[in-house]
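Okay, structure first, notes after.
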Amino acid sequence: QTVVTQEPSFSVSPGGTVTFTCGLSSGSVSASDFPSWYQQTPGQTPRTLIYNTNTRSSGVPARFSGSILGNKAALTITGAQADDDSDYYCVLYMSSGIWVFGGGTKLTVL
Amino acid sequence: EVHLVESGGGLVQPGGSLRLSCADPGSTFSGYWMSWVRQAPGKGLEWLANIKQDGSVKYYVDSVKGRFTISRDNAKNSLYLQMSSLRAEDTAVYYCARVGVCGYCFDYWGQGTLVTVSS
């Protein structure tokens, strides 16, 4: 069974930079897994941030960027703001036609 | 404008069945793969199932195979999830999501409908 791993939590100061990662329990994440990233605040619907590894969705601020770092997908927030305080989820598309979400990373901006 | 609206959630007893619907009256619904994703209380997102534009191909996560069935009616711009043999661990908010123009990502989400499985 494929498990997608994410750090459970992070904290960052306003204006700081933070990088979350999205890995596989066995193997490496690559662009062919089409990693995408979603932001969700409690009680709200997920919002698409990044797709196809590094493409920002419409209206997403430039401080959000995606990449492959080593054997993982990564989401970087450069210049964090208070309203970035949210949960962040990555999802990978498996070639078998299924998708697998990571467990999510809770970001605290303080 | 895409506006996905789920309905059909509620309280159901263990072992029971429920059918969720997701409607999108105003969009080109039939041109996209569609998915169901759920989120148990206080937990993360879990992808459940996908269906191709014409309904001919479907994929499921192992935990719901044989119990849940995804379907669609393009004439009604509607997506469905028939759930049976429900368990307490199926308690969650269920979202429909469009696999969008981004290729392999979910570009639009419904607001979710809560399913509670309890006696």
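With a 4.5 Å cut-off on non-hydrogen atoms, Y104(B) touches chain A through its backbone and its side chain both. Looking at V37(B), the atoms closer than 4.5 Å to chain A (heavy atoms on both sides) all sit in the side chain, from C-beta outward. Residue contact with chain B, scored on non-hydrogen atoms closer than 4.5 Å, involves the side chain of Q40(A) exclusively. With a threshold of 4.5 angstrom between heavy atoms, F106(B) approaches chain A through its backbone and through its side chain.
Residue pairs meeting the salt bridge (Lys or Arg N to Asp or Glu O under 4.0 Å) criterion with at least one partner in residues 102-119 of chain B, sequence neighbours excluded, are R98(B)-D107(B).
Cluster membership for Y94(B) and L79(B), using ILVMFWY side-chain heavy atoms within less than 4.5 angstrom, is shared.
Interface check for chain A: of the options Q39(B), Q111(B), K43(B), the most heavy-atom pairs under 4.5 Å are formed by Q39(B). Options P42(A), G97(A), P35(A), S96(A) differ in how many heavy-atom pairs under 4.5 Å they form with chain B, and the most are formed by G97(A). Counting heavy-atom pairs under 4.5 Å between each of W99(A), W37(A), F34(A), Y51(A) and chain B puts W99(A) at the top.
By the 6.0 Å and 45° rule, R19(B) stacks over the aromatic ring of Y80(B).
Between Y95(B) and W109(B), the angle of the ring planes goes over 60°, which puts this pair in the perpendicular group of the 30/60° scheme. Ring geometry for Y59(B) versus W33(B): interplanar angle under 30°, hence parallel rather than tilted (30 to 60°).
Side-chain rings of Y60(B) and F68(B) stay apart, their centers remaining 6.0 Å or farther from each other.
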